[in-house]
Number of protein chains: 4
Amino acid sequence: MKKDINVGMIGYKFMGKAHSQGLTKLPMFFDTSLNIVKKAICGRDEEWVKQSQEKFGWDSYETSWEKLIARDDIDAIHITAPSNFHKQPAIAAAEAGKHVFCEKPLALNLADARDIYEAAEKYGIKNQVGFNYRFAPAVKLAKKMIDEGKLGKIFHFRGYFLQDWIIDPDFPKVWRLDKSVAGSGSHGDLGAHVIDAARYLVGDFKSVTGMSKTFIKERPVAGRMTGLSGSSASADTPKEPVDVDDATCFVCEFENGALGVFEATRFAYGHKNDMYFEVNGSKGSVRFYFERMNELHYFNAEDEEGLQGFRLIQVTEGVHPYISAWWPAGHVIGYDHTFVHQFYEFYEAIANDTPTCPNFYDGVKCSQVLEAVDVSIERKQWVDVNSL
Amino acid sequence: MKKDINVGMIGYKFMGKAHSQGLTKLPMFFDTSLNIVKKAICGRDEEWVKQSQEKFGWDSYETSWEKLIARDDIDAIHITAPSNFHKQPAIAAAEAGKHVFCEKPLALNLADARDIYEAAEKYGIKNQVGFNYRFAPAVKLAKKMIDEGKLGKIFHFRGYFLQDWIIDPDFPKVWRLDKSVAGSGSHGDLGAHVIDAARYLVGDFKSVTGMSKTFIKERPVAGRMTGLSGSSASADTPKEPVDVDDATCFVCEFENGALGVFEATRFAYGHKNDMYFEVNGSKGSVRFYFERMNELHYFNAEDEEGLQGFRLIQVTEGVHPYISAWWPAGHVIGYDHTFVHQFYEFYEAIANDTPTCPNFYDGVKCSQVLEAVDVSIERKQWVDVNSL
Amino acid sequence: MKKDINVGMIGYKFMGKAHSQGLTKLPMFFDTSLNIVKKAICGRDEEWVKQSQEKFGWDSYETSWEKLIARDDIDAIHITAPSNFHKQPAIAAAEAGKHVFCEKPLALNLADARDIYEAAEKYGIKNQVGFNYRFAPAVKLAKKMIDEGKLGKIFHFRGYFLQDWIIDPDFPKVWRLDKSVAGSGSHGDLGAHVIDAARYLVGDFKSVTGMSKTFIKERPVAGRMTGLSGSSASADTPKEPVDVDDATCFVCEFENGALGVFEATRFAYGHKNDMYFEVNGSKGSVRFYFERMNELHYFNAEDEEGLQGFRLIQVTEGVHPYISAWWPAGHVIGYDHTFVHQFYEFYEAIANDTPTCPNFYDGVKCSQVLEAVDVSIERKQWVDVNSL
Amino acid sequence: MKKDINVGMIGYKFMGKAHSQGLTKLPMFFDTSLNIVKKAICGRDEEWVKQSQEKFGWDSYETSWEKLIARDDIDAIHITAPSNFHKQPAIAAAEAGKHVFCEKPLALNLADARDIYEAAEKYGIKNQVGFNYRFAPAVKLAKKMIDEGKLGKIFHFRGYFLQDWIIDPDFPKVWRLDKSVAGSGSHGDLGAHVIDAARYLVGDFKSVTGMSKTFIKERPVAGRMTGLSGSSASADTPKEPVDVDDATCFVCEFENGALGVFEATRFAYGHKNDMYFEVNGSKGSVRFYFERMNELHYFNAEDEEGLQGFRLIQVTEGVHPYISAWWPAGHVIGYDHTFVHQFYEFYEAIANDTPTCPNFYDGVKCSQVLEAVDVSIERKQWVDVNSL
């Protein structure tokens, strides 16, 4: 008989939905060691949270995160609220001895991320940060290949994350465009995923230099509940300055001597959620595009001469990471499956008391790179990542 | 307060899993009119069915489909067992006044399909057949575009469904390779989806001529529970003749004068679940590959001269069919989402007493084409589809 | 010192230009055994032929093909005129002991093709037919791989040739739409290339059945010099019936048991010159698209498990067929280079008295398949190719 | 009757071949105003130059560039030798009143480039620099679209040029890896093309910051005639330090406020000649990959909602730049055709006394960016491009 683990979740919008479905599907497809119970969902707006509780199948709801954390029947906390709501609940949960799964970026800034990390360390709780792109089977496969030495010594990482949803100057200043709530713009929201992928695949960053742009300097004020799909404002909506970046790009050197090129923007028409990276090494290359997340491109320099070429691996076979839990080969999976995978790892780590990955340390390291890029932009100089 | 509708499901393997997850996710993402209850799962092997009940979240289980259908607390039946287990339960369920959702192909042959259809008509139950590929948002979008006249008069349909999992001669004779269980080989399993897509997009078939091949004439006997992933047999496993097609291809004329080319095979290395079609008309073309199911290729002959080209539409935007229920643009969905979509339509049709689509009539029409091709192969002649 | 070989060419339009540039570039890039001299160009319209002589760099011109063939200083004849102008000059040239390079299809019909072939055999001249698509390095590489057994036993060939230039009903009846000049429509013009590729890669055809369509039954009469780019006619241009196919498709069995699916059409919007084929065997697959002629897709079923996928081979490396004559890797070549390659082979075969390939026998075999398909359409039955 | 223009060419290897074929094909396909005569080819090695004269069809040869320039019967000079052989002949030719077409990069460094430019200005000769990638029809089309405002205000340019031919540490130090001959490594050889494309499409650079790497610090000495295809050295070949970059990347701001990201490397396995760029603006995007040089990707944000997507424009239609001179739609062209196009423009500018483009000023501006990046790397700071 499996032991129960009771989960409480803070937040109920985009990420709340993603987490709810992930927790629901997890036991249907994977053999988990624990019996994961969607115990309580928490949000400030009672009507919404009640509705979400029902829709997403949670046992109960709370309107105060403090209450949620105080509940004795909660073992683990998922934090899916905007970035400015990560620090306090994460630390409180750690103090209360609850395991914490926190969305990325870990915090509004490096100092806060460190505080969260230190609390988790101090209270010895399991912790993970929601870099879900790592859990696309193709990305996991790339990691495995690199670890096995299939790419040899790494020379290059290039990655970008391109979207196109805020090009219209009348698109309102939603929370993701508000520094006090989101911490930064495309850099922290999108760039964070690429930076994490680079750390995962290539290793730690040494130094960076970059630049950023806010193409649209002010935008109409957004209604409170406006999400990603915030429709354009009317002509007489008052405007506010935008205080986050629309686009950020930078180059870096990795500790191991590899070169990196990065770009994150919401101003690239035609790209919807185009997270991409390529790694080149002394024995081959791999390439990934999230919008075709079931595929990994692989060039093997040891293939027979004259027959070499990038292989389009459909990462949908039973031998591939996580796939045996799902469908036969070629029956592609989607964005939401990455959540199931990351929760599987998190709860197995809790069950077996093994390390989580990516954990809050990884969250701190990502924030360190994000901040180093910001400092380099401010100072117009190279910044040593470890100096921060 | 929503009315309950209690579902019973026959079968618990590949399709049983697909149906279970679909019914589970449906209310989490869509506003359904009914409260869909996963009441009972049914299978012959008690241990397996019990395990499946728990894993997939059904309220109870049965080991006899007759008992399941006899239960007063069951309103709708899903039939996900192999094709030789469709007819009896489907007719019995209809007689019992239960709505029936049946996997494709509707039956082992055209005559059986007609019997099932007639029972459904006679007892006036809602019925749908599991042509889930119709419910990929990209396919639905293609249908919408054709209905709106965006392609003009249709000249061509070409489609194939290519897989590669039985090329090894030591791969055992699993149930899908057994005519008495599966009805036919790649033709009925894979070709059926392409034929249905063609009917959906272009219209009814007039006449066909084709050919088929069984490349591997005999195979090792399979163990009872061997599924798709049946590993290769040992050297001394006895062999049995294979009585289904490994590959079938045919050309056709549609009622509206368009030309069609079709192919289904499990002998095309590198293709995992490669269901593809392209439609060419007097104003443009559309093209779809299931392995990149979030994309639709569209050529608009009315685009500005010199700037024409196939558009790669990422069918992941809120304006696209079903997508507003899921994620922001570019956050791709997978195979399992098509099940949610088809169940959404089925249960809304029940709730609102509107027609289902594709229903058992569509199942009969598909079986008619399958059989016409078989007859054309046998007779080495063109066969008028409506003559059967 | 190299021996001269003097070339005379009949025709001066699309193919005349392609041949002229091919003969010009040949000695600049390849080490030829003979010194190829562009001696005389021949066409009926003196003004045009004179202009072409100058533009394409021929030493002289003729306005009568009989005269051209009669000239003592001509050693080899290129026939690039429409199909109805192949037979007489080809036979006359053979009788005159001149080597003949003839454009495809070899003749208007199978009987004529046989006559041409027999003349060539009788007079022992070197002969080649212009199936230039064989000479794309990627196609040559595919052939080499199949010959080496890299694909194993062949199960499937599928190919099509799609264009879209005559969909407008006001597009005039140019010579390619006139049976008396072109022999057939898309079948003989486009399908011939795919059929030849299939014979080249898979082997001879056993039996066929197919169908064809003429979507636009009559078209405006074309002016005499109207070529491919014939602009649409004015409203009061008189119309004529179209007596060739707009589209033809068929299925076949090859002598070696493989299955084939073929389609040729000029009614597929978005496809400009889309000649495609894929071959599936027991060890792997290859795929080619002419519009990306520098690429060959290759799936090797013996690649490491979990890392398999279609390789995108850029056939632009020094180790690839013909490439060492051109540019460094990745510096792609185009359509016209295939002409250089085929002339290189033709003139080396003359110089070294070795067999040409594809020769008039291959031309006959292609015509035999074309005609078998036509007969199968007429009779609505399967036709044994060798019965014709 | 057309006026003759007599051409002399310095250099006879990769670029010498490319120029020779370009000049040969030009009058066969384009209506030129002048009669272009391949008068004399010049190189230091008499045997090689004689052989090249014959092979490439030049009227005569010289072994001294001074002599070539001194010849009265030469009107225009093509400089195709390595970068350290550009300055002296270019200035001498200008002084002698001869038009000059010089390969890129214009010179070893910015100062030399300026000297060359000033000489050309002073003597009023027509001058052009060999940025041949501008003359791919797809790139020309992109330029036209941007000039017409189809992309709106430009936000982003990202480009790279990736190759993989020197990853083997035993690959010898050929001239392209020798700073005294080549000026720089991948930066000047490959990056120059991307920088020029960015200037062409987006406009001038304002400031840059970058980094570079030499992954292999020393290499075997190369034999004198070793070219791109230099095979690996034997074990006892002495080694020399490599003094150029293996890879360089940088970010920039353009004068118009757009952001740019650039990378050039010869250490990216699987990429043969992968020159790529994408431009994003307020109305759409365009994207280009040289290895598929006949294609341009275009996203039009004004397309109908729900039907938007990157169009894959096959830039092979008569309405596209330069194409009407070549073949029917879909009959793709290659690398060498870009040389024909650039020479067409150069000689038409001479004939009509109109401005050339890209001229030596463009060569200077490219060198200025190259050098600004080098300085930024040295100083580890942002560099204002116009400060140099």
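Within every chain, numbering begins at 1; the chains are lettered A, B, ... in the order of the sequence lines, protein sequences first and strands thereafter.
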Next on the checklist: Over 60° means perpendicular and under 30° means parallel, so tell me whether His19(C) and Phe101(C) are parallel, tilted or perpendicular.
Outcome noted: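 Rings of His19(C) and Phe101(C): perpendicular, over 60°.
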Checklist entry - Angle class for the Phe157(C)/Phe262(C) ring planes (parallel below 30°, perpendicular above 60°, tilted otherwise)? => result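 If you compare the ring of Phe157(C) with that of Phe262(C), the planes turn out parallel.
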Item to check | Contact class of Leu141(A) relative to chain C, heavy atoms under 4.5 angstrom | outcome: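 Just its side chain gets close to chain C.
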Checklist entry - Is it true that Tyr347(C) and Phe30(C) have ring centroids separated by less than 6.0 Å? => result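 Distance test on ring centres: not under 6.0 Å, no.
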Checklist entry - Do Phe135(C) and Phe131(C) make the cut of ring centroids closer than 6.0 angstrom? => result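 For Phe135(C) and Phe131(C), the ring centres are not under 6.0 Å apart.
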Item to check | Proximity breakdown for Lys150(C) and chain A, heavy-atom pairs closer than 4.5 Å | outcome: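 Side chain of Lys150(C) only, per the 4.5 Å heavy-atom cut-off to chain A.
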Next on the checklist: Quick check on the interface: out of Met145(C), Gln308(C), Lys144(C), who has the most heavy-atom pairs with chain A under 4.5 Å?
Outcome noted: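 The answer is Gln308(C).
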Checklist entry - By side-chain contact (heavy atoms from CB on, under 4.5 Å), which residues pair with Leu312(A), not counting sequence neighbours? => result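 Counting only residues at least two positions away or on another chain, Leu312(A) forms a side-chain contact (heavy atoms from CB on, under 4.5 Å) with Glu295(A), His297(A), Arg292(B).
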Checklist entry - So which of Asn300(A), Val319(A), Ile313(A) has the largest heavy-atom pair count under 4.5 angstrom toward chain C? => result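 Winner by heavy-atom pair count: Ile313(A).
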Checklist entry - Between His320(A), Gln314(A), Glu317(A), which has the largest tally of heavy atom pairs under 4.5 Å with chain C? => result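 Of the candidates given, the most pairs with chain C belong to His320(A).
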